[in-house]
S.K.: 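For reference, the structure I am asking about is given below.
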Amino acid sequence: MKLNTRYIYAISMVSAMGGLLFGYDWVVIGGAKPFYEKFFQITQSPSLQGWAMSCALIGCLFGAITSGLFSDRFGRKWLLVFSALLFTISAIGTGATSSFNLFIFYRILGGIGIGLASNLSPMYIAEISPAKIRGKFVSLNQLTIVIGILLAQIVNLMIAEPVAPNATDNEMLASWNGQWGWRWMFWVEIIPSGLFFILMFFVPESPRWLAQNGHKNKASNILEKIGGLEYAKKELSNVAKTVTSPIKKIGFGQLLKPELRSVLIIGVVLAVFQQWCGINIIFNYAEEIFEAAGYGVSDILFNIVVTGSVNLIFTFVAIYTVDKLGRRALMLIGAGGLAGIYAIIGLAYYFNVSGWPLLLLVIIAIGCYAMSLAPVTWVVLSEIFPNRIRGAAMSVATVALWSACFFLTYTFPILNKALGTSGTFWLYGFICLIGFIFIFKKLPETKGKSLEEIEEDL
């Protein structure tokens, strides 16, 4: 069997542009934060600051639920097209508004796009990828997320003018950054979102979804392009063994059946853990974290780019190792490694260590996360659910993930004030220890198996 890797790469990378927009939209607000907070006069309100940062997660939940309701009925492709449209509208509106309520509305709209893309992009790639290279290709979605994160960080650094260390709130509000800079940070997203919208029209529907919905000829044609005639016959045969009823009759209630409950619990716990491990706090609240370490605003923006670069480099490590070491080993490395690193970071804050030592610890934590929990969680979630209810099950796991992310993002300012930065990181470290134990006891290895073989095993 000779795989058409060029074709697989092409359609995977277009689908994974949903991940790029997810990463950009998710992180761009961190660079705009010091400036839009002055513009909307919310610097003295921790609750409104937390709401501005976390409101997009409400949209993520709606997007994930929408995906679960419709992806198994209407396919993966057109919902990804819709997500691209939402990203574009959100980018235009967020940058254009001078009303805080409209700012929140457009952030939530972008969150719906994130919820759709985060659910559908890895699932689509998993369904078109041959078993022996599936981990690598699904990890491409995480790679584009990281590229989107780094792109947002670079854009923020390039757009923002240098800020004087002793600048007052009024001076920052009257500056380019306070009036226009933060708007352009959001508007740059229009370019990749428009490109994603156009290119998705040239991507085929998921062949597994087509086969399950009676379009076997179309599915066969796509599978032949991927791996040839024999490969297409084998894959269609595997799909046929696992499909026992029309997709349109499958609902969320199916997930509560005893034979599916255990695998759903695994998926939900891993999704929640990927967020509660705490690493996204570093991206979303970089200003507070690096400020506590003694850095000014301009230095903070540069440090954020450094962390994004490390995130990108170690994602390539995950792509190289996920089909070699396996999913379980990398998840254990990530959970155990972060538990230890957070313990040291907490000590550093406790003893008022500042400057480059703390930056180095943060970089090590991001590298550990980028090569393990960040991409591999999405790989596992895209693999472990049965064909006939994958969309609904993936939606439940994604809703759990974004619910956990909302809780994490909203509570950080509160925890940081109550426990201090050191206590907050120790709490995240304890959660990582619990995650390590769960993964060790419950997560099976899935590398090298077809989706249908994984379904039979679980």
Side-chain angles (χ1 to χ4, degrees), residues 13-14 16-40 52-53 55-56 59-60 80-100 102-118 121 141 143-163 172 175-200 280 283-284 286-287 297-298 300-309 311-312:
M13 288 303 294
V14 172
M17 286 188 71
L20 184 144
L21 291 162
F22 162 13
Y24 187 96
D25 197 83
W26 181 240
V27 170
V28 68
I29 192 169
K33 183 177 183 292
F35 312 121
Y36 74 72
E37 286 184 347
K38 310 297 190 294
F39 185 88
F40 292 119
M53 289 294 293
C55 66
C60 290
L80 282 170
V81 172
F82 182 57
S83 75
L85 182 63
L86 292 178
F87 279 123
T88 305
I89 296 171
S90 172
I92 295 170
T94 306
T97 186
S98 294
S99 161
F100 183 66
L102 282 177
F103 178 87
I104 296 296
F105 170 77
Y106 285 115
R107 287 298 297 160
I108 292 175
L109 206 62
I112 297 174
I114 293 175
L116 287 168
S118 63
S121 291
N141 184 67
L143 176 63
T144 58
I145 292 174
V146 171
I147 291 172
I149 290 172
L150 182 58
L151 177 63
Q153 292 165 338
I154 292 173
V155 165
N156 289 344
L157 180 64
M158 293 179 66
I159 288 177
E161 292 183 346
V163 177
M172 289 182 65
S175 69
W176 154 263
N177 295 331
Q179 293 298 315
W180 291 102
W182 66 269
R183 298 180 186 276
W184 279 102
M185 292 174 184
F186 291 107
W187 283 338
V188 168
E189 187 182 355
I190 298 169
I191 299 170
S193 64
L195 188 61
F196 179 43
F197 179 78
I198 293 169
L199 292 178
M200 272 306 302
N280 281 333
F283 292 113
N284 288 65
E287 180 190 6
V297 174
S298 296
I300 287 171
L301 290 175
F302 176 75
N303 289 344
I304 291 172
V305 173
V306 172
T307 61
S309 301
N311 199 13
L312 177 62

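Remember, predicted model here, so these are calculated numbers, not experimental data.
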S.K.: Are the side chains of V188 and V28 in touch, meaning some heavy atoms are under 4.5 Å apart?
M.R.: no
S.K.: Can you confirm whether L195 sits close enough to I191 that some side-chain heavy atom of one is under 4.5 Å from a side-chain heavy atom of the other?
M.R.: no
S.K.: A side-chain contact here means heavy atoms from C-beta on lying under 4.5 Å apart; do L102 and T94 qualify?
M.R.: no
S.K.: Please report the interatomic distance CG(L150) to CD1(I145), rounded to the nearest 0.5 Å.
M.R.: 14.0 Å
S.K.: Find the distance between CD1 (I112) and OG (S90) and round it off to the nearest 0.5 Å.
M.R.: 9.5 Å
S.K.: To the nearest 0.5 Å, what is the distance between OG on S118 and CG on L21?
M.R.: 12.0 Å
S.K.: Rounded to the nearest 0.5 Å, what separation is found between the CE atom of M13 and the CG atom of N141?
M.R.: 9.5 Å
S.K.: Looking at every heavy atom in both A32 and N156, which two are closest together, and how far apart are they?
M.R.: N-ND2, 4.4 Å
S.K.: Starting at CD1 of I159, measure out to CD1 of I154 and round the result to the nearest 0.5 Å.
M.R.: 12.0 Å
S.K.: Can you tell me how the ring of F186 sits relative to the ring of Y36, calling it parallel under 30°, perpendicular over 60° and tilted otherwise?
M.R.: tilted
S.K.: To the nearest 0.5 angstrom, please state how far the CD atom of Q153 sits from the CG atom of N311.
M.R.: 7.5 Å
S.K.: Which atom names give the shortest non-hydrogen contact between G194 and T88, and what distance separates them?
M.R.: N-OG1, 3.9 Å
S.K.: Would you call the rings of F40 and F103 parallel, tilted or perpendicular, taking 30° and 60° as the class edges?
M.R.: tilted
S.K.: Is the closest side-chain heavy-atom distance between R107 and D25 below 4.5 Å?
M.R.: yes
S.K.: Could you walk me through whether L20 and L143 pass the side-chain contact (heavy atoms from CB on, under 4.5 Å) test, one step at a time?
M.R.: CA-CA 8 Å; L20 184 144; L143 176 63; over 6 Å; no
S.K.: Can you name the nearest heavy-atom pair linking A117 to G18, along with the distance?
M.R.: CB-O, 3.6 Å
S.K.: Identify the residue among W176, F39, W187, F35 that makes a ring-ring contact (aromatic ring centres under 6.0 Å, His included) with W182.
M.R.: F39
S.K.: Would F196 and F87 count as a close aromatic pair, with their ring centres under 6.0 Å?
M.R.: no
S.K.: Answer yes or no: is there a side-chain heavy-atom contact under 4.5 Å between M17 and S83?
M.R.: no
S.K.: Would you say the side chain of Y24 lies within less than 4.5 Å of the side chain of I149, judging by non-hydrogen atoms?
M.R.: no
S.K.: Any idea which heavy atoms bring A160 and M185 closest together, and the distance?
M.R.: CB-CE, 4.0 Å
S.K.: Let's go through L116 and L80 carefully: what are the C-alpha distance in whole Å and the side-chain angles of both, what is the deciding distance for side-chain contact (heavy atoms from CB on, under 4.5 Å) to 0.1 Å, and is it a yes or a no?
M.R.: CA-CA 7 Å; L116 287 168; L80 282 170; over 6 Å; no
